[in-house]
Amino acid sequence: MSVTNPNWKPKIVAFCCNWCSYAGADLAGSGRMSYPADVKIIRVPCSCRVNPMFILRAFERGADGVIICGCHPGDCHYTSGNYYARRRLTMLFSMLDYLGIERGRTRVEWVSAAEGAKFSKTMNEFVETITNLGENRKLGDIRCKKS
Amino acid sequence: MQKIGVFVCWCGSNIAGTVDVEAVAEALKSVPGVVYSVSYQYMCSAAGQKLITDAINEYKLDGIVVASCSPRMHENTFRKTAEAAGLNPYMVEIANIREQCSWIHKDKEEGTKKAIVLAKAAVAKLKNDKPLKAGTSQVTKRALVIGGGIAGIQTALDVADAGYEVDIVEQRPTIGGRMAQLDKTFPTLDCSACILTPKMVEASQNEKINIISYAKVEKVSGFVGSFKATIRKKARFVDETKCTGCSLCMQKCPSKKGKDEFNMNMNNRPAIYIPFAQAIPNVAVIDPEQCIKLKTGKCGLCEKVCAAGAINYKMEDELIEREYGAIVVATGFKPIDPSPLNEYGYAENADVVTSLELERLMNAAGPTKGTLLRPSDGKHPHEIVFIQCVGSRCDENTERGKPYCSKICCMYTAKHAMLIRDKYPDTNVHVFYIDVRTPGKNFDEFYRRAVEQYGVDYIKGMVGKVAKEGDKLMVRGSDLINNQQVEIAADLVVLATAIEPDPSARSIGTMLTASMDTNDFFTEAHAKLRPVESPTAGIFLSGVAQGPKDVPETVAQASAAASKVIGLLAKDHLVTNPCVAESNELMCNGCSQCEKVCPYGAITYIEKEVRGPGVREVRRIAQVNPAVCQGCGACTVACPSGAMDLKGFSNKQIMAEVDQICL
């Protein structure tokens with residue numbers, strides 16, 4: 001998709017679980033491991049708290065990419081939350097793909113509290129993917145993004 | 001309309017360096033609902049907190065947003081500030097503009113823009129916050145210590161000294177751990193057993209300490225203050241209350257070909273055995289894989305010779321269920337297996353040994369009764385080569401070993417070299433090293449003694465190959481200081497192998513939902529400020545389970561963990577997290593989806609009369625027990641009717657954040 005607006009910057013929402021990924025993001029911060037400012041983090045207690053509704057809402061409101069980060073499988077602070085998240089989001093992403101929101105715009109990544117470098121690397125990769133995909137125009141008729 | 005105050009922290013130059021904090025405070029003033037917005041150098045300082053308190057009082061604020069460091073740092077500080085000023089502590093939101101903004105962005109304009117968005121998102125969330133009230137929960141005044149090495153023993157002793165009951169669960173038949181296997185300890189050259197065994201005896205005699213050996217923790221449920229653990233005590237086939245430890249059974253046992261784990265499998269032990277002379281409990285155990293009676297039904301010799309009548313071939317595993325207020329992880333370490341590192345020839349040559357094997361070879365209770373003899377032919381070695389950093393400090397991508405420094409190897413190699421030169425002055429000792437790391441009290445002095453006083457030959461460089469030639473081991477390596485290749489014909493090669501967490505650590509971490517790093521060491525709640533606590537409340541870390549450590553550090557950390565446990569057990573009640581799930585009675589149709597996904601069994605169903613617009617009937621509805629709910633939110637997404645919501649992270653709150661970020 002061609003980028004029409006030369007000033008376009010991707011809008012990326014990152015849901016991070018409080019115990020692993022949010023702490024991993026903090027570690028990336030204190031380690032000064034940079035990633036683009038386009039990524040804005042929302043703290044949730046667990047990746048299983050991410051309601052598919054939130055992701056749909058983000059795209060509806062003009063997000064270009066949504067990433068959900070949680071504890072590694074088996075390491076969930078709440079024992080099994082990330083497994084629920086994995087199943088739910090697999091279904092959701094496949095549906096979004098059907099609707100025309102490319103697979104690349106949605107991602108799930110497991111980042112532990114000790115993986116600041118992985119958090120930063122993941123975010124850099126994700127922003128690059130979204131930048132290559134360009135502006136998200138799907139769900140455009142109901143989105144509230146200013147043109 | 002709510003009245004909201006916004007407080008933007010400079011954090012000195014940490015935030016103000018890449019974020020125009022004044023512009024952020026200014027921008028937030030135009031947000032509807034914000035009646036006060038200000039920036040200040042250090043919001044967490046007494047003056048900063050006073051600024052917040054005064055503003056809450058002056059502007060009659062309903063809630064505050066603090067744009068500062070991570071909520072993991074100061075959320076509690078600002079909640080307490082708000083509470084002291086008469087505001088509900090849960091009407092506080094933190095915008096993380098340090099770790100997730102100023103520290104990772106270089107461009108001030110970009111950083112400022114992002115900080116404004118993050119602060120606005122926090123305001124949007126705050127507008128949907130509701131005052132919450134924390135409940136309380138009971139504290140079971142008993143601690144569980146997993147692992148009975150020096151770390152676990154020290155923690156248990158300190159907790160017991162404060163008057164609390166402690167259970168030590170040890171997977172091996174005796175407590176003592178790795179330290180029991182050591183011959184001497186650096187930098188004092190104390191005899192390891194002489195300083196450890198009194199502690200072991202003290203633990204066994206302390207009436208507050210209950211040692212559950214040859215056991216493992218199988219299941220843990222509950223939460224801080226009230227954990228429930230199931231402990232499987234494996235069948236020893238010897239009655240602990242009757243066995244006197246006379247060891248007659250060991251002498252008579254005809255099946256003597258078992259590998260002696262305590263001596264690093266370098267000699268054999270009978271099927272019924274006591275791991276070592278000072279074992280605690282000093283009680284025999286039968287190896288069911290090796291015992292003729294248990295395998296074929298014939299023999300029974302030990303039963304015949306046991307005067308105490310302690311042998312019981314029909315013994316079964318015992319399950320113990322107990323409640324604890326706190327759990328301490330002291331699972332320790334094991335040396336890595338250097339076999340995959342082909343260049344050292346560990347798998348092929350009996351005379352290439354690990355440092356822990358050497359430790360046993362030098363110990364009076366070891367396979368050679370303390371005389372240093374090489375394993376292949378029992379001859380006294382005259383040339384010994386030590387190789388440092390075997391499997392430590394490896395490139396993470398090569399998977400040849402561990403990326404970290406194992407910390408103890410430099411010192412124990414200096415110790416070994418010194419002891420050998422002291423006892424056998426005719427033996428030459430060479431050490432290949434990358435760096436010699438001696439940061440500890442009297443450590444460098446110790447290393448220098450090895451070099452200067454004992455003439456140990458330190459060679460800076462790596463070893464490329466160890467190959468057998470005749471009855472010698474040819475060690476080829478580089479000498480970086482003299483810039484040449486060296487070749488030494490050695491009689492014995494000792495590998496300072498990396499240490500790694502005990503293999504049981506991973507499953508214990510999963511069971512306790514205590515986070516671990518990529519190397520399976522337990523993660524601490526804060527690397528500097530909370531080094532002995534796991535991020536999971538009520539779980540404490542002791543010893544090498546958290547990272548490589550020597551004995552003094554382990555003991556210090558063990559006592560630190562104990563003091564944290566005592567602090568917890570001393571409380572009668574704990575304040576619970578009020579951010580728990582809540583079911584909307586009017587929307588709930590009692591479908592049970594939420595109950596299925598709840599990992600804590602916090603959801604029950606009741607028949608209740610529901611009254612609402614146009615509704616008045618008795619229905620089956622979900623009810624959340626706030627004392628059991630841990631607030632993960634799994635139920636909120638599973639609920640098909642949207643009746644479940646999570647306080648503090650409600651649908652409305654998160655949606656408001658999403659909307660603001662995407663604006």
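- Other residues, nucleotides and ligands contribute over 12 non-hydrogen atoms within 6.0 Å of the CD atom of A:E125.
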Item to complete: Go through the steps for A:R32 and B:E99 under the test salt bridge (charged side-chain N to carboxylate O under 4.0 Å, His left out), then give the verdict.
Response: CA-CA 8 Å; A:R32 314 297 198 274; B:E99 281 84 346; over 6 Å; no
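- For chain B, the option among A:A114, A:A113, A:S34 with the highest count of heavy-atom pairs below 4.5 Å is A:S34.
- Heavy-atom distances place no part of A:V66 under 4.5 Å from chain B, backbone and side chain included.
- Atoms OG1 and NE2, from B:T513 and A:H77 in turn, are 5.5 Å apart once rounded to the nearest 0.5 Å.
- The minimum heavy-atom distance linking A:W19 with B:P535 is given by the pair CZ3-O, 3.3 Å.
- If you measure heavy-atom distances from A:A23 to chain B, the contacts under 4.5 Å come from both the backbone and the side chain.
- The contact between B:V597 and chain A is made by backbone and side chain atoms together, counting heavy-atom distances below 4.5 Å.
- Within the 4.5 Å cutoff, the side chain of B:I104 has no heavy atoms near those of the A:S120 side chain.
- Between the side chains of B:N651 and A:R57, no donor-acceptor pair is found at a separation under 3.5 Å.
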Worksheet entry | Working for side chain to side chain contact (heavy atoms under 4.5 Å, CB included), residues B:Q100 and A:Y22 | CA-CA 9 Å; B:Q100 296 176 7; A:Y22 196 89; 3.2 Å; yes
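- Across all non-hydrogen atoms, the minimal contact from A:Y84 to B:A634 is CD1-CB, 4.4 Å.
- The side-chain heavy atoms of B:M655 and A:M53, taken from C-beta on, include a pair separated by under 4.5 Å.
- Between A:I41 and B:L118 there is no side-chain heavy-atom pair separated by less than 4.5 Å.
- Rounding to the nearest 0.5 Å places SG of B:C629 at 8.5 Å from OH of A:Y78.
- Put simply, the side chain of B:I654 reaches to within 4.5 Å of the side chain of A:F15, judged on heavy atoms.
- Considering every non-hydrogen atom in both B:T636 and A:N51, the closest pair reads O-ND2, 4.1 Å.
- Within a 6.0 Å sphere centred on NZ of B:K108, heavy atoms belonging to other residues, nucleotides or ligands number more than 12.
- By the 6.0 Å contact criterion, NZ on A:K118 is enclosed, its count of non-hydrogen atoms from other residues, nucleotides or ligands being greater than 12.
- Rounded to the nearest 0.5 angstrom, A:H72 NE2 and B:T518 OG1 are separated by 8.0 Å.
- With a 4.5 angstrom heavy-atom cutoff, B:A638 touches chain A via backbone and side-chain atoms both.
- Chosen from B:D517, B:T536, B:T523, the residue pairing most often with chain A at heavy-atom distances under 4.5 Å is B:T536.
- Scanning both residues, B:D645 and A:R49, for their nearest heavy atoms gives OD1-NH2, 3.3 Å.
- In this structure, A:Y35 and B:H105 approach most closely via the heavy-atom pair O-CE1, 2.9 Å.
- For the side chain to side chain contact (heavy atoms under 4.5 Å, CB included) test with B:C632, the passing option among A:S80, A:C48, A:C76 is A:C48; the others fail.
- The line from SG of A:C20 to CE of B:M516 is 12.0 Å long, rounded to the nearest 0.5 Å.
- Scanning both residues, B:V658 and A:A58, for their nearest heavy atoms gives CG1-CA, 3.5 Å.
- Note on B:R506 versus A:D75: salt bridge recorded, some NZ/NE/NH1/NH2 to OD/OE distance being below 4.0 Å.
- Between the side chain of B:K114 and the backbone N or O of A:P36 there is no donor-acceptor pair closer than 3.5 Å.
- The environment of B:K106 atom NZ is dense: over 12 non-hydrogen atoms of other residues, nucleotides or ligands sit within 6.0 angstrom.
- For chain A, the nearby parts of B:I661 are the backbone and the side chain; heavy atoms of each come within less than 4.5 Å.
- Heavy atoms from other residues, nucleotides or ligands lying under 6.0 Å from CE of A:M95 number more than 12.
- The choice from A:S112, A:S47, A:S30 that makes the most heavy-atom pairs within less than 4.5 Å of chain B is A:S30.
- Ionic pairing of A:R43 and B:E93 is not present here: no N-O contact between side-chain nitrogen and carboxylate oxygen is shorter than 4.0 angstrom.
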Worksheet item: Does the pair B:E110 and A:K9 meet the rule for a side chain to side chain contact (heavy atoms under 4.5 Å, CB included), with working shown?
Response: CA-CA 11 Å; B:E110 243 187 359; A:K9 295 280 275 174; 3.4 Å; yes
